[in-house]
Amino acid sequence: MNTSTLIAPPVLVQRAEKHDTKAIQALDSAHFLHPFTDHGDLATRGARVITHADDIYVWDSEGQKILDGMSGLWCVNAGYGRKELADAAYRQMMTLPFYNSFFQTTNVPAVQLATKLAQLAPQVGGRRFEHVFFSSSGSESNDTNVRMARRYWDLMGQPQRKVIISRHNAYHGSTMAGASLGGMSGMHAQGDLPIPNIVHIEQPYFFENANPGESRADFGIRAARWLEEKILEIGPEKVAAFIAEPVQGAGGVIIPPETYWPEIQRIVDQYGILLISDEVICAFGRLGHWFAYEKFGYRPDMVTFAKGVTSGYIPLGGVMVGDRVARVLIDKGGEFNHGYTYSGHPVACAVALANLELMEREGLPQRVREDTGPYLAERFAELNRHPLVTEAETCGFVAGLVLVKDKARREMFDPGLAVGMICRGHCFRNGLIMRAVGDRMIIAPPLTMSRAQIDEMMALIVRCLDATMAELASSGLLA
Ligand code: PXG
């Protein structure tokens with residue numbers, strides 16, 4: 001194949017009308033190893049080529065316009081096509097594209113962003129977040145959390161506190177520590193994970209784990225106490241930290257009962273263990289607040305962030321380090337032997353600042369909290385009337401529903417049928433990106449979405465559910 005036509009400028013022009021989809025797919029299979037992908041399978045199908053985007057839509061190389069119900073990958077909070085962010089990157093690249101933050105140097109955007117984040121992170125129960133450690137992703141940030149939590153306990157004279165407790169079906173990234181903290185068995189099965197001293201408890205998923213007749217409130221308390229049981233089993237003096245997502249994202253938008261987080265707080269306080277809130281998905285307006293711990297009212301010691309901090313326009317992540325840990329590291333710590341080339345990258349920080357300013361100016365967290373979030377909740381709940389759907393619920397701008405075979409008897413489909421994937425296929429064909437996690441269908445749309453666009457998305461969702469039902473009925477797979 002003549003590859004020069006592909007890498008020559010015309011194909012790289014974002015909005016070029018014509019793309020040679022087949023040629024791009026062939027080169028893609030020949031050279032690009034994608035994340036979480038069966039490459040044999042991808043080579044036979046060919047990847048969908050996304051060429052450009054605007055507002056809440058992306059376009060593929062065949063010219064199909066698709067409403068992006070997943071904000072890229074839970075990250076394009078401010079929507080696509082925001083010129084301010086491109087301008088900020090350009091200006092910073094022309095001023096100082098890179099300098100490191102090792103060896104007692106710093107740069108202005110990193111200082112400004114750390115200051116801004118410290119201002120945005122709310123104080124809960126007198127705990128403050130004055131310090132930030134920067135990375136380039138959520139995974140790296142969670143590696144930082146592991147290093148920092150263990151360093152903290154060393155400095156506190158309790159080096160035996162090594163164990164970090166996490167939850168099954170959690171997602172905390174794909175590095176060795178990130179994948180170990182995560183509770184995805186498929187990931188643990190590849191690469192001898194988890195690494196030592198990381199253990200898991202069950203997730204607070206009411207639909208799957210509640211006892212018959214148990215109330216949401218009672219289940220929330222019981223699920224939180226799985227943490228206490230695990231702490232007592234290990235020995236509290238050996239436990240360093242508990243890490244959790246406020247609402248589990250990649251696991252399928254698992255929204256905990258209201259009683260869950262207060263009981264978790266009681267437990268971590270009682271045993272003195274660090275609480276790490278992994279807000280890679282949930283921060284920056286996603287749940288209607290700058291940070292999600294504020295919504296649930298708990299008091300983390302460290303907060304992981306990434307994705308929405310730049311609306312995904314450029315990689316950036318980090319850890320908000322609360323006073324409890326920061327003071328010990330600073331006052332007693334000496335050198336902390338940890339960091340990344342791109343910690344405090346000036347261009348990434350400049351884009352983040354522009355993004356946070358834009359979100360502030362447009363009041364996006366508040367809009368999700370007070371206007372569009374409640375509207376999405378109302379509209380999404382209507383899906384519970386659909387014969388194929390149960391448990392349709394939202395939290396801010398994340399939402400999930402369960403596809404069921406027989407609603408009255410809560411009978412699920414055979415997992416081998418991959419009904420979620422059937423539904424996802426109908427979504428793509430109808431111009432909607434909606435994720436399938438098993439038979440849970442989930443969305444996390446851009447926070448800029450208007451009420452009219454929510455209506456547009458809901459109409460598409462209903463159309464896709466109907467199409468899925470029709471396909472299942474014609475194959476004789478419905479109850
Ligand atoms: N923590 C959480 C809570 C995440 O959602 C990470 C950490 C890791 O971030 P990086 O930037 O290293 O990818 C994430 C990432 C999915 C999916 O299938 C979700 C994520 C990443 C890839 C796929 O929903 N979340």
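Since we're looking at a predicted model, the values are computed, not measured. Residue numbers run from 1 in the order of the sequence given. One-based numbering, in listed order, for ligands and for the atoms of each.
- Two residues are said to be in side-chain contact when any heavy atoms from C-beta on lie closer than 4.5 Å; Asn384 and Val389 meet this criterion.
- For ligand 1, residues of the protein lying within 4.0 angstrom by heavy-atom distance are Leu73, Trp74, Ser137, Gly138, Ser139, Asn142, Tyr171, His172, Gly173, Glu245, Ala250, Asp278, Val280, Ile281, Lys307, Arg435.
- In this structure, Arg147 and Asn337 approach most closely via the heavy-atom pair NH2-O, 2.9 Å.
- For the side chain to side chain donor-acceptor pair (under 3.5 Å) test, no residue two or more places apart in sequence or in another chain qualifies with Tyr293.
- The pair Asp269-Arg127 meets the salt-bridge criterion, with a side-chain N (NZ, NE, NH1 or NH2) lying under 4.0 Å from an Asp/Glu carboxylate O.
- Between Thr448 and Gln453, the closest heavy-atom pair is O-OE1, 4.1 Å.
- The only member of Leu117, Asp323, Val319, Val303 that meets side chain to side chain contact (heavy atoms under 4.5 Å, CB included) when paired with Phe129 is Val303.
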